[in-house]
Amino acid sequence: MINKIIGLILAFVGFLILKYFPGVSDYQHKGHTLTGILIGVILILIGIVLMVFG
């Protein structure tokens, strides 16, 4: 049960990173934005795996 809760939290944090991470036009380089998107997607995938198989 605790793995499903942790998975839900990780998926939610990953979604927030994807939604609210500052874009290229704000103040950072393109590589930083791609890194933020990658981290968000990884967190969402880990969260889904934990919710399904945890």
Side-chain angles (χ1 to χ4, degrees):
M1 182 65 179
I2 191 76
N3 286 341
K4 293 184 188 280
I5 294 171
I6 292 172
L8 183 65
I9 292 170
L10 284 175
F12 181 69
V13 169
F15 172 75
L16 289 178
I17 289 175
L18 284 179
K19 183 160 176 65
Y20 294 112
F21 200 78
V24 175
S25 62
D26 293 339
Y27 57 86
Q28 62 189 6
H29 300 290
K30 184 177 180 183
H32 293 120
T33 300
L34 293 177
T35 303
I37 291 171
L38 180 65
I39 291 171
V41 168
I42 289 172
L43 285 177
I44 289 173
L45 290 175
I46 291 172
I48 290 172
V49 167
L50 281 175
M51 283 189 290
V52 171
F53 299 111

State which residues pass side chain to side chain contact (heavy atoms under 4.5 Å, CB included) with [X]; sequence neighbours excluded, sorted by chain then number.
| X | answer |
| --- | --- |
| Val13 | Ile9, Ile17, Leu43 |
| Leu45 | Val41 |
| Ile48 | Ile44, Met51, Val52 |
| Leu38 | Ile42 |

Between Ile37 and Leu18 the two heavy atoms that sit nearest each other are O-CD2, 3.6 Å
For the CG atom of Asn3 and the CG atom of Leu10, what is their distance to the nearest 0.5 Å?
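These two atoms lie 10.5 Å from each other.
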Look up atom CG in Leu8 and atom CG in Leu50, then write down how far apart they are to the nearest 0.5 Å.
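Leu8 atom CG to Leu50 atom CG measures 10.5 Å (nearest 0.5 Å).
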